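Have a look at the structure below before the remarks.
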Amino acid sequence: MVNPTLARLLEGTEEELPEPEVSTVDPAGPQVEGQESSAEETASLQAAADEATRGLAESTVQEPKLSLHDQRLQQVAHEIYQLAPKRVLDLGCGEGKLLRLLLRQPKIEFIRGMDVSHQALSRAAQRLHLDELSPRQRARIELIQGSLLYRDERLAGFDAAALVEVIEHLDENRLAALEAVVFGQARPAHVFVTTPNADYNQLFEKLNAGEFRHDDHRFEWTRAEFAAWATGVAERHGYQVRVVPMGEEVEGVGAPSQMAVFGLA
C-alpha cells in the first residue's frame with residue numbers, strides 16, 4: 001500500500017489538465033422526419049464540427065504559467081536530475097521547495113538541507129510532512145541548522161550542491177568565506193548558484209534606479225559581474241563553470257535571473 005504522504009511528494013511537478021468538455025454535435029445536423037442529408041452536406045457539417053471542436057479545445061486548455069521562483073527551482077532540479085547524483089546538498093534550503101522536487105528523483109539516495117534559520121527549517125519539515133514519511137523515505141532526507149560562513153564537516157562527500165538565491169543575502173565581503181566553505185572544504189562534484197540579474201531590474205516598474213528586488217538583498221549583480229565572480233571561483237578551486245540565463249530573455253538586459261553551473265575539472 002502506497003504511503004499517502006509519499007504519494008503527495010512524488011506527484012509530478014505539472015498537474016494534469018482534465019480533458020475539455022465538448023458537447024456532442026451531430027455532424028449531420030438536426031434531422032427532420034422524412035428528410036435525409038446528402039453526402040456532401042454531411043461532409044461539410046462534419047468539417048465544421050471538427051473545426052469547432054479544435055477551437056474549443058485550444059481555447060480551453062492552457063499551459064499553466066510558472067512563477068519566476070518556480071522556474072528557477074525547476075531549472076535547478078532538472079540540471080541535478082541530468083547528473084543522476086546519489087547525494088545532494090540544498091544550502092540555504094529555506095522552507096524546502098527545492099527539497100520537495102529533489103525527493104521526487106528516485107536516483108537520489110540522500111538529501112541534506114541546511115539553513116541558518118531554525119524557523120525556516122521547522123516550516124520545511126511541516127511542508128515536507130517528514131513526520132509522516134515511511135522509515136525508508138525519511139532516511140533519504142535530513143534537515144540541519146548551520147551557516148555557510150564556517151567550516152562544517154557535514155557538508156563533505158556530496159555529488160551536487162545547490163545555492164538558490166542565497167549569495168545576494170550576504171554582504172559581499174563575506175562571499176570569500178562562503179567560497180572557502182563550499183568550494184574549498186566541502187567540494188561537491190557539482191555546484192549550482194543562482195542570483196538575480198541586475199541588468200533586468202530596469203524592467204520592473206516599481207523599482208527605482210539602484211534599488212534591489214528584496215529588502216534583505218545586500219547586492220545584486222549584473223551579468224558581467226556574476227560571470228566574473230563565477231570565473232574567479234572556478235579558477236581558484238579547480239572547477240569548470242558555465243553561466244546560463246533563468247527565465248525569458250529580453251534583448252539588451254538578459255533574463256531575470258542567472259545561474260552558474262560548476263563542475264570539478
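Since the structure is predicted, the reported quantities are computational estimates derived from the model, not experimental observations.
- Residues satisfying the side-chain hydrogen bond (donor to acceptor under 3.5 Å, both in side chains) criterion with Arg187, sequence neighbours excluded, are absent altogether.
- Residues Asp199 and Phe226 are not in side-chain contact: their nearest non-hydrogen atoms beyond the backbone lie 4.5 Å or more apart.
- Rounding to the nearest 0.5 angstrom, the gap separating the NZ atom in Lys86 from the CD atom in Gln105 is 15.0 Å.
- Looking at every heavy atom in both residues, Leu130 comes nearest to Arg138 through O-CD, 3.3 Å.
- Remark: Glu248 CD is loosely packed, at most 12 non-hydrogen atoms of other residues, nucleotides or ligands lying under 6.0 Å away.
- Side-chain atoms of His217 and Glu220 form a donor-acceptor pair, as typed in the model, at a separation below 3.5 Å.
- Counting heavy atoms from C-beta on, the side chains of Leu83 and Phe192 come closer than 4.5 Å.
- The NE2 atom of His169 sits 12.0 Å away from atom CG of Leu148, with the distance rounded to the nearest 0.5 Å.
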Begin with the C-alpha distance, continue with both residues' side-chain angles, and end with the deciding distance and a verdict on side-chain contact (heavy atoms from CB on, under 4.5 Å) for Phe262 and Val233.
CA-CA 9 Å; Phe262 297 89; Val233 170; 4.0 Å; yes

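- Residues satisfying the salt bridge (charged side-chain N to carboxylate O under 4.0 Å, His left out) test with Arg213, not counting sequence neighbours, are none.
- Residues Thr195 and Ile167 come closest through the heavy atom pair OG1-CG1, 3.9 Å.
- In this structure the side chain of Val241 never reaches within 4.5 angstrom of the side chain of Val261, judged on heavy atoms.
- Without hydrogens or angle criteria, Thr231 side chain to Ala227 main chain gives a donor-acceptor distance under 3.5 Å.
- Between Pro196 and Ser257, the shortest heavy-atom distance links the atoms CA-OG, 4.0 Å.
- Side-chain heavy atoms closer than 4.5 Å link hydrophobic residues (I, L, V, M, F, W, Y) into clusters, and following such links, possibly through other members, connects Met259 to Leu98.
- Closest heavy-atom contact between Glu225 and Thr222: OE1-N, 2.8 Å.
- Alongside Leu207, the hydrophobic cluster contains Tyr200, Leu203, Phe204, Val250, Val253 (criterion: ILVMFWY side chains under 4.5 Å).
- In this structure, CD on Glu79 lies 13.0 Å from CD on Gln74, to the nearest 0.5 angstrom.
- When side chains are defined from C-beta on, Leu91 does not count as touching Val166, because their heavy atoms never get closer than 4.5 Å.
- Residues Val244 and Gln258 have side chains not in contact (no heavy-atom distance under 4.5 Å, counting atoms from C-beta outward).
- The backbone N or O of Ile108 sits nowhere less than 3.5 Å from a side-chain atom of Arg87 that would complete a donor-acceptor pair.
- Hydrophobic clustering (ILVMFWY, side-chain heavy atoms < 4.5 Å, transitive): Leu163 and Ile80 are in distinct clusters.
- Across every non-hydrogen atom of Arg140 and Leu103, the tightest pair is NH1-O, 3.1 Å.
- At a threshold of 4.5 Å between side-chain heavy atoms, the hydrophobic network of Ile, Leu, Val, Met, Phe, Trp and Tyr places Phe158 and Ile141 in two separate groups.
- In this structure, Leu68 shares a hydrophobic cluster with no other residue, the cluster being traced through Ile, Leu, Val, Met, Phe, Trp and Tyr side chains under 4.5 angstrom apart.
- Side-chain contact between Arg218 and Glu172: absent, with no pair of heavy atoms (C-beta onward) separated by less than 4.5 Å.
- Under 4.0 Å is where a charged nitrogen must lie from a carboxylate oxygen, and between Glu165 and Lys97 no such pair does.
- For Glu179, the salt bridge (charged side-chain N to carboxylate O under 4.0 Å, His left out) partners at least two apart in sequence or on another chain are Arg236.
- Side chain of Asn197 to main chain of Ala255: a donor-acceptor pair is present (N/O by atom type, distance under 3.5 Å, no hydrogens or angles).
- Listed for the His214 side chain is a donor-acceptor partner under 3.5 Å among the backbone atoms of Asp216.
- The hydrophobic clustering, which links ILVMFWY residues whose side-chain heavy atoms are closer than 4.5 Å, places Val88 and Leu133 together.
- Counting only heavy atoms from C-beta outward, the side chains of Cys93 and Leu121 approach each other to under 4.5 Å.
- Phe219 and Trp221 have tilted rings, their planes meeting at an angle from 30° to 60° on a 0 to 90° scale.
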Quick one, Glu168 with Arg174, criterion salt bridge (charged side-chain N to carboxylate O under 4.0 Å, His left out). Give me CA distance, side-chain angles, the key distance, then yes/no.
CA-CA 11 Å; Glu168 64 273 12; Arg174 308 188 82 179; over 6 Å; no

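- Put simply, the side chain of Asp171 never gets that close to the backbone of Asn173: no donor and acceptor are under 3.5 Å apart.
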Please step through side-chain contact (heavy atoms from CB on, under 4.5 Å) for the pair Val243 and Trp229, ending with a clear verdict.
CA-CA 11 Å; Val243 178; Trp229 175 81; over 6 Å; no

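- A donor-acceptor pair shorter than 3.5 Å cannot be found between the side chains of Thr194 and Arg72.
- Note: the hydrophobic cluster containing Ile144 does not contain Val116 (ILVMFWY, side chain heavy atoms under 4.5 Å, direct or indirect links).
- Minimum heavy-atom separation, Ala125 to Leu143: N-CD1, 3.8 Å.
- Considering CG of Leu264 and CZ of Phe183, their distance stands at 10.0 Å, rounded to 0.5 Å.
- Asp159 meets the salt bridge (charged side-chain N to carboxylate O under 4.0 Å, His left out) test with no other residue; sequence neighbours excluded.
- Two residues are said to be in side-chain contact when any heavy atoms from C-beta on lie closer than 4.5 Å; Met246 and Val76 meet this criterion.
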